[in-house]
Every structure is written in C-alpha cells, then in structure tokens.
S.K.: 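Quick one: the structure is below, questions incoming.
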Number of protein chains: 4
Amino acid sequence: MFELDIRSRKAIYEQLVDRIKELIINQVLQPDEKLPSVRMLAKQLTINPNTIQKAYRELEQQGYLYSIQGKGSFVAPVEVMHNEMKLNEVKSQLLKLISEAVYLGLTKEDLLTLYEEAKQKMEGGDENDDRDS
Amino acid sequence: MFELDIRSRKAIYEQLVDRIKELIINQVLQPDEKLPSVRMLAKQLTINPNTIQKAYRELEQQGYLYSIQGKGSFVAPVEVMHNEMKLNEVKSQLLKLISEAVYLGLTKEDLLTLYEEAKQKMEGGDENDDRDS
Amino acid sequence: MFELDIRSRKAIYEQLVDRIKELIINQVLQPDEKLPSVRMLAKQLTINPNTIQKAYRELEQQGYLYSIQGKGSFVAPVEVMHNEMKLNEVKSQLLKLISEAVYLGLTKEDLLTLYEEAKQKMEGGDENDDRDS
Amino acid sequence: MFELDIRSRKAIYEQLVDRIKELIINQVLQPDEKLPSVRMLAKQLTINPNTIQKAYRELEQQGYLYSIQGKGSFVAPVEVMHNEMKLNEVKSQLLKLISEAVYLGLTKEDLLTLYEEAKQKMEGGDENDDRDS
DNA sequence: GTGGTCTAGACCACG
DNA sequence: GTGGTCTAGACCACA
C-alpha cells in the first residue's frame, strides 16, 4: 500500500507525501482515519522513523493530515475555505502542464478523458457511492 | 526575457529550463532559432556559466533543444513520433494534478477555461498566424 | 462550555487551561465559584481524568484557581499584590507580540480597537454591571 | 547575538526561531542579509546542525527567511500582501493576551507605552532612520 | 562551501 | 505507545 522506490531520484519522504496524498484524494484513506504510526510504518518500510515523520509533517503543513501528541496522525477533512488559496496554486501548475501537453499534441478530448478518469478514481474509493455525482 | 527569481526555492537551472521551455511552447522562440551562447547569457544574468550549461543540457535531453559543436544551441522542431512517449508522461502527470485539483474543488468548466487559456497563449506567440486553429 | 478541539496541535490540557482562563477573565466564572469535579468533567468531555487534573494544577500554579482537599477547585479572586509579577511577565510577552504585529502592519488604531474589544468582552460577562468602568 | 538557554523548557529550535524573528523585526538583521550558515552557527552554538536547519526551515515557512541551495539563508523582505493573513492571526493572539493583561491590571496607558517601546526598538535598528515615521 | 536528505540511535511530553 | 525533539554522523545536489 505504501510501497516506494528506494532507487528513485526523488527523495523518499517526497515519495511518501505523494503516495499518501494520492490515497487521500482517491478516498482510499477516509477523513479522520488513522494512519500507521511513525515507528510502525518505519519498521514496515525498513526506513528511518525520522523520514516518515518528515513526510507526515509535510502533509500536515499542506493540510492533508493532522496529528495529535500521543495519539497518532489522521486524515484531515477537506475544508473549502482554506483550499481556495491552494486551488489557485494548483490551477497555475495545471496551466503550465496543460500548455506543455498541448504543445506535445494533447487534444481537448484527451483532457476531458483525463478529467473523467480522475473523477472515476475518486468515486471508486467512496464506498457509499450513489452512482453519479 | 530570461529574468529569474534569485530568491526562489527552485534551483536556478530549473528556473531556466522552465522559462525556456515556456518560451518554446508559446512559440516566442521559433524552431531552429539560436539561443544565446552560454557565456553571453551567464554574463547577462550574472550567474555561473555552468548553471546555464546544465539547463541547456537538460533541455536537450528533454528534446526541446539541439546543439551543434562550435555553433550553439537551437530550438528543436516538434516531431510527432518522438513526442508520443513524452505525451504519455505528461498525461500521467496531468492525471495526478487534475485529481488533486478536483479534490480541492476544480470543476470541469475550470479545466476547460485553463485549456482555452493555454491555447490562446500559444497562438498569441505566433506572430504570423491570425487565424483560429 | 468547555468544548475543545480534538484535532488541534495544542495539547488538550493546554486547551483546557486557556479556555478556563478565558472564562475567568471574561468573568463568566466568578471568584470563588466552584469548577466541575475532575471526574465529572472527564466523563463529560470523554477524556482522561489525568488530563483535567493537569489543567487544574497548572491553573492553580498560575494563580487562577485554588483547591480545597475534598471540596474541589474554585476560581481565585484577583489579588493586586500577587499580580504585579504576573503583569510584568504578560507585559513582556505583549511587547514581543506587539512588535511582531507592528512589523506585519498593525497600527496604533488597530491596537486600541483590540483594547476596547477586550474591555467589552469582560464587561459583557459581568451580568450585574451595566455601567461603564 | 544568538545566545540561547540550553536548560529552558522551550525547544532549542524554537528559541532560535524566536530570537531570529526578534532580530528581523527590530531590523538588526536587514532584508536580504545573509544569516550564518547552518554549520557555522551549529559550531558556534555547539549544537547539532539539524537543529539550526529546523529553525531556519520554520522561519522560511513563516515567511521571515528564504534559503537558496548552495548560497545560504537570507532575511526575506516584508511583503504587505502576504502578511494580511498573518496579521489576523497575530491580532487574535493579541486580543487574548491583552484581555489577560487587562484582567491583571493593565491600563490603556500601559498598552500605549508598550506600543511606543516596540516602535522605538524597530527604529533603533534602522540605521538610515529619519527620526519619526 | 552551501543547504537538503537520510540513518541510527536517545530522551521527553502526552494521554 | 504515540509524536516531538535532539545528537552525531554521512552523502548528495547546487553554484
């Protein structure tokens, strides 16, 4: 579930951040669900606990997790207010990436296909799904 | 034209890569156009020539530039064949980014707006083309 | 009345300390008024009694509460003598915080507004006093 | 200049953060001025480089510093736009602290005295000062 | 030489 | 048992 590539150029803690963020976005990890403890996960992945902690801390700063002393780390519920700033950041990144993709031949249809794909993955993780949103 | 933010967290050579890539994508830099020499640009930006070189090498590897010994570096024309691999990479990045954006509240309309924006910038850079694509 | 945020980074006992201090300052809790027993409050808030005890002990040390064996904990009346030391501590904290706020753009008017706001809340909590101080 | 109390309950990196923030606010450290390198400062204070790095990183996240790979860490210039959010946070903290201080006997005059004191320290650090602002 | 990352351990605060 | 802090080292990427 949290497998990572030790040989990758990308820093281990960054891989973890990306992977966990993905699990949250696709609702595999539900709001307020507890994540593995720093030490447990460290043992399981055979990496240093500090590395896990750094990833958790980063996710906390980005608003995806919250952690409680002596209890553990948990998935943060989405809060619309706080996200507007983040959405604008992501939009700016998207504009750049879409530009590059279009330059390389991406069509509007391709883009919409990707959108549907993203949607589908998110609904797939939601067990209480009522079919279409 | 190549101004960069010395205070940014992003490495200077990366900023250069992104900036030049952007200029190529928006067709400000046309195919086969010559880029400034490493030394000239280094002097102009008052940074280390090695940094410029690293950026040019990176762009060459990504297929955006080609260089000729003793002549300089030039913008590579888009080649459809070679791009399919890159398009798939970018598509994969896009899927991740779109997923995150949707999680944060992006709508399909937002996405199409971004698409049109990207298109427009590319056409705007093309001075010899007033027609719609 | 004592609701606390389980997701907060701040330790639970600290949240309790702050909340009770606030209630005392705003005169919602009057001098010599009895606070809920450790066990009752623990049951009501569904947290560990030790946590309540730690908060009460902390407030006692800070001079906001006094406790009587077998009777419970009570709000301490303000004593001018004992407060001079604390006032100086708080003044020192205030100086730091005001400096930071001014650095971030706080004006003298903003500060006076905050002062009036603080005053108002304290008078608002005093149900038997409609006059100005 | 960066002396810290190793016996204090407060974490070393937090002491560093507070101290450096203070130096920036009082303009002892000027915008774009370089801070001691992580290793130099670690050697000077005889503490672990990681602890310094944690402090620098925290200050960077709070917007007081920016750091550049291979160059060092520098004081960030104040940007009014980005600070409004922070100002509101600090205002909220101020309201609480002023309430407590008033409860302990702080007068409006005391508060204004503290304000002037804060102002004075900030101007004192400004070498190009034109007397009053 | 600089910051950034990682490891392998230790101790503390919290509940 | 949990996260948070700190130490004492090591290696890498950047300029």
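Convention: sequence-line order gives letters A, B, ...; per-chain numbering from 1. Predicted, not measured: the structure shown is a model, and the values here were computed from it.
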S.K.: Tell me which nucleotide among E:dC11, E:dG4, F:dT5 gets nearest to the side chain of A:R39.
M.R.: E:dC11

S.K.: Specify the separation, in whole Å, of atom CD of C:Q15 and atom C1' of E:dG15.
M.R.: 13 Å

S.K.: In whole angstrom, give the distance that lies between atom CG of A:L45 and atom C1' of E:dT7.
M.R.: 15 Å

S.K.: Quick check: on DNA chain E, is the nucleotide nearest D:P36 upstream (toward 5') of the one nearest C:A11, or the reverse? Name the residue that is more 5'.
M.R.: D:P36

S.K.: Judged by each residue's nearest nucleotide on DNA chain F, which is more toward the 5′ side, B:K10 or A:Y56?
M.R.: A:Y56

S.K.: Report yes if at least one side-chain N or O of A:K71 is closer than 4.0 Å to OP1 or OP2 of F:dG3; otherwise report no.
M.R.: no

S.K.: Counting only distance, no hydrogens or angles, is the base of E:dG4 paired donor-acceptor with the side chain of D:R57 under 3.5 Å?
M.R.: no

S.K.: Is there a side-chain contact between A:S67 and the phosphate of F:dG4, meaning an N or O under 4.0 Å from OP1 or OP2?
M.R.: yes

S.K.: Name the closest nucleotide to the D:I12 side chain, picking from F:dT7, E:dG3, F:dC14.
M.R.: F:dT7

S.K.: Quick one: label D:Y13 by what it contacts on the DNA or RNA (base, sugar-phosphate, nothing), any heavy atom closer than 4.0 Å.
M.R.: sugar-phosphate

S.K.: Can you measure B:I6 atom CD1 to F:dA15 atom P for me and round it to whole angstrom units?
M.R.: 8 Å

S.K.: Please tell me which of the listed nucleotides, F:dA15, E:dT7, E:dT2, lies nearest to the side chain of A:T51?
M.R.: E:dT7

S.K.: Rounded to the nearest Å, what distance is computed from the NZ atom of residue A:K43 to the P atom of nucleotide E:dA8?
M.R.: 13 Å

S.K.: Starting from C1' on F:dG3, measure out to CG on A:L65 and report it in whole angstrom.
M.R.: 13 Å

S.K.: What is the distance, rounded to the nearest whole Å, between atom CD of D:E14 and atom C1' of E:dC12?
M.R.: 14 Å

S.K.: If you check the A:S73 side chain, which of F:dG3, F:dC6, E:dT7 turns out closest?
M.R.: F:dG3

S.K.: Taking all heavy atoms of C:F74 and all of C:I68, pick out the closest pair and write down the distance.
M.R.: CE1-CD1, 4.0 Å

S.K.: Check the side chains of C:E100 and D:Y64 for a donor-acceptor pair under 3.5 angstrom, ignoring hydrogens and angles.
M.R.: yes

S.K.: Check whether the side chains of D:Y66 and D:D32 place a donor and an acceptor atom closer than 3.5 Å, and report yes or no.
M.R.: yes

S.K.: Check the pair C:R9 / A:E60 against side chain to side chain contact (heavy atoms under 4.5 Å, CB included), numbers first and verdict last.
M.R.: CA-CA 10 Å; C:R9 297 276 334 253; A:E60 199 178 335; 2.5 Å; yes

S.K.: Has the side chain of A:N50 got a donor or acceptor atom sitting under 3.5 Å from an opposite partner on the base of E:dG9?
M.R.: yes

S.K.: With the side chain of D:Q69 defined as its heavy atoms from C-beta on, choose the nearest nucleotide among F:dA13, F:dT2, F:dA15.
M.R.: F:dA13

S.K.: Side chain of A:E58, backbone of A:E14: donor and acceptor closer than 3.5 Å?
M.R.: no

S.K.: So, is B:R9 near the phosphate of E:dG4, with a side-chain N or O under 4.0 Å from OP1 or OP2?
M.R.: yes

S.K.: Which whole-number value in Å describes the distance from D:I68 CD1 to E:dG3 C1'?
M.R.: 11 Å

S.K.: Of the listed nucleotides (E:dT7, E:dC6, E:dG15), which one gets closest to any side-chain atom of A:N48?
M.R.: E:dT7

S.K.: Should E:dC14 form a Watson-Crick or G-U wobble pair with both distances under 3.5 Å, which nucleotide is its partner?
M.R.: F:dG1

S.K.: For the pair made of CD in D:Q53 and C1' in E:dG4, what is the distance, rounded to whole Å?
M.R.: 6 Å

S.K.: Is the phosphate of E:dC14 approached by C:K54 (side-chain N or O, under 4.0 Å from OP1 or OP2)?
M.R.: yes

S.K.: Show the nearest heavy-atom pair for residues A:S99 and B:I25, with the distance to one decimal.
M.R.: O-CG2, 3.6 Å

